[in-house]
Amino acid sequence: MFTSTSNADHSEAGAADVLIPLIRAAATIGFAIAPCSLGFVIIAVSEQLIRSIMVGDDPEMLMSDLQNQFPHHAIELNENDDAGLVAKVVDLIERPDKALELPLDVRGTDFQMRVWDALQQVPAGTTVSYTFLAEQIGAPNAVRAVAQACAANPLAVAIPCHRAVCANGDLAGYRWGIERKRALLEREAKQ
């Protein structure tokens with residue numbers, strides 16, 4: 001049997017290929033940027049859940065990082081913060097010892113989720129080693145993977161990866177800068 005495809009068939013297939021990214025881009029991520037003691041914080045919200053919290057020195061760089069984090073979403077400034085999420089996140093940064101109920105939309109691999117869950121059990125003012133975290137999640141040989149999961153954390157401070165340190169207590173890398181990690185830990189130790 002011989003089957004022929006016409007140009008119309010190819011153009012329909014091409015149209016479907018074009019529509020898929022458009023459908024993916026239909027989801028909208030609202031964001032807000034606010035000053036804080038760590039520089040600036042950007043909060044990304046989708047369907048009233050916080051999808052990302054990042055800190056940095058440059059609001060434009062934070063916006064670029066946000067777009068890179070959500071390449072298939074429309075990103076738009078959220079001028080109506082009805083739930084007061086921006087103030088709550090800034091308050092968490094300023095007072096990380098204060099337990100806040102934030103509506104988080106945590107997404108990651110199963111392994112990352114286990115690491116992040118374990119981090120959320122670490123009390124403010126204390127630190128744990130990456131080795132301890134690996135043991136806590138039942139993967140004692142995955143210390144490097146635990147550190148990578150901390151680096152992939154999309155929710156600064158809300159998932160307190162700043163509380164993870166080297167086995168000897170030294171501060172190791174922090175996605176948002178080692179000085180911010182030090183500042184957060186010092187702030188927690190005083191409160």
Side-chain angles (χ1 to χ4, degrees), residues 23-126 128 133 137 146-164 173-177 179-181 183-185 187-188 191:
I23 292 167
R24 287 186 188 139
T28 300
I29 302 284
F31 76 92
I33 298 177
C36 67
S37 62
L38 300 178
F40 291 91
V41 61
I42 189 168
I43 300 123
V45 178
S46 176
E47 299 177 13
Q48 300 180 355
L49 296 173
I50 300 173
R51 297 272 309 269
S52 179
I53 300 170
M54 296 184 287
V55 291
D57 294 323
D58 182 356
E60 288 183 22
M61 184 65 85
L62 287 171
M63 287 176 48
S64 177
D65 290 347
L66 185 66
Q67 188 65 64
N68 290 336
Q69 188 176 2
F70 299 104
H72 301 293
H73 293 74
I75 307 291
E76 64 182 39
L77 182 63
N78 183 1
E79 296 181 25
N80 299 326
D81 183 19
D82 297 332
L85 293 179
V86 174
K88 288 177 182 176
V89 170
V90 170
D91 192 41
L92 178 64
I93 290 169
E94 304 308 327
R95 300 179 55 204
D97 63 311
K98 184 180 171 190
L100 286 178
E101 290 294 321
L102 293 173
L104 302 177
D105 185 357
V106 184
R107 298 179 188 198
T109 66
D110 288 340
F111 184 84
Q112 289 171 333
M113 297 295 283
R114 290 182 8 230
V115 171
W116 299 340
D117 286 344
L119 280 166
Q120 289 181 305
Q121 304 309 310
V122 178
T126 61
V128 295
L133 286 170
I137 65 167
V146 165
Q148 290 170 341
C150 290
N153 171 18
L155 295 157
V157 187
I159 296 176
C161 58
H162 61 277
R163 295 180 188 150
Y174 184 58
R175 180 176 177 183
W176 297 284
E179 289 306 315
R180 286 186 179 90
K181 183 173 190 168
L184 285 166
L185 291 173
R187 189 173 299 157
E188 287 182 4
Q191 297 178 353

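All of these numbers come straight from a predicted model, not from anything done at the bench.
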Q: Can you name the closest pair of heavy atoms from I93 and R187 and give their distance?
A: O-NH1, 2.7 Å
Q: Can you name the closest pair of heavy atoms from A158 and L102 and give their distance?
A: CB-CD1, 4.4 Å
Q: Write down the atom of A152, the atom of R175, and the distance for their closest heavy-atom approach.
A: O-NH1, 3.5 Å
Q: What's the separation between atom CG in L85 and atom CG in L92, rounded to the nearest 0.5 Å?
A: 12.0 Å
Q: Got a sec, which residues hit salt bridge (Lys or Arg N to Asp or Glu O under 4.0 Å) with E179, two or more places apart in sequence or on another chain?
A: R182
Q: Which heavy atom of W116 sits nearest a heavy atom of G108, and at what distance?
A: CZ3-CA, 4.0 Å
Q: Nearest 0.5 angstrom please: Q121 CD to T126 OG1, how far?
A: 11.5 Å
Q: Could you give all pairs that pass the salt bridge (charged side-chain N to carboxylate O under 4.0 Å, His left out) test and reach residues 49-75, with sequence neighbours left out?
A: R51-D105, D57-R180
Q: Which value, rounded to the nearest 0.5 Å, describes the distance between I75 atom CD1 and S46 atom OG?
A: 9.0 Å
Q: Please determine whether the number of non-hydrogen atoms from other residues, nucleotides or ligands lying under 6.0 Å from atom CD of E47 exceeds 12.
A: no
Q: Which heavy-atom pair separates A32 from N78 by the least distance, and what is that distance?
A: CB-O, 4.4 Å
Q: Please name the residue in the list L66, N153, L155, I33 that meets the side-chain contact (heavy atoms from CB on, under 4.5 Å) test with M54.
A: L66
Q: For a side chain to side chain contact (heavy atoms under 4.5 Å, CB included) check, start with the C-alpha distance between L62 and F31, then their side-chain angles and the critical distance, and finish with the verdict.
A: CA-CA 11 Å; L62 287 171; F31 76 92; over 6 Å; no
Q: Taking side chain as C-beta onward, heavy atoms only, is L38 less than 4.5 Å from L184?
A: yes
Q: Looking at Q120 and I159, what are the two nearest heavy atoms and their distance?
A: NE2-CG1, 3.8 Å
Q: State whether R163 and E188 are salt-bridged, where the test is any N-O pair (Lys NZ or Arg NE/NH1/NH2 against Asp/Glu carboxylate O) under 4.0 Å.
A: yes
Q: Looking at M113, I want to see if its CE is surrounded by more than 12 non-hydrogen atoms of other residues, nucleotides or ligands under 6.0 Å.
A: yes
Q: Could you give the distance from OG (S52) to CD1 (I43), rounded to the nearest 0.5 Å?
A: 9.5 Å
Q: Does any non-hydrogen side-chain atom of F70 lie less than 4.5 Å from one of P154?
A: no
Q: Is it true that a side-chain atom of Q112 and a backbone atom of T109 form a donor plus acceptor pair closer than 3.5 Å?
A: yes
Q: Any side-chain heavy atom of E94 sitting closer than 4.5 Å to one from C36?
A: yes
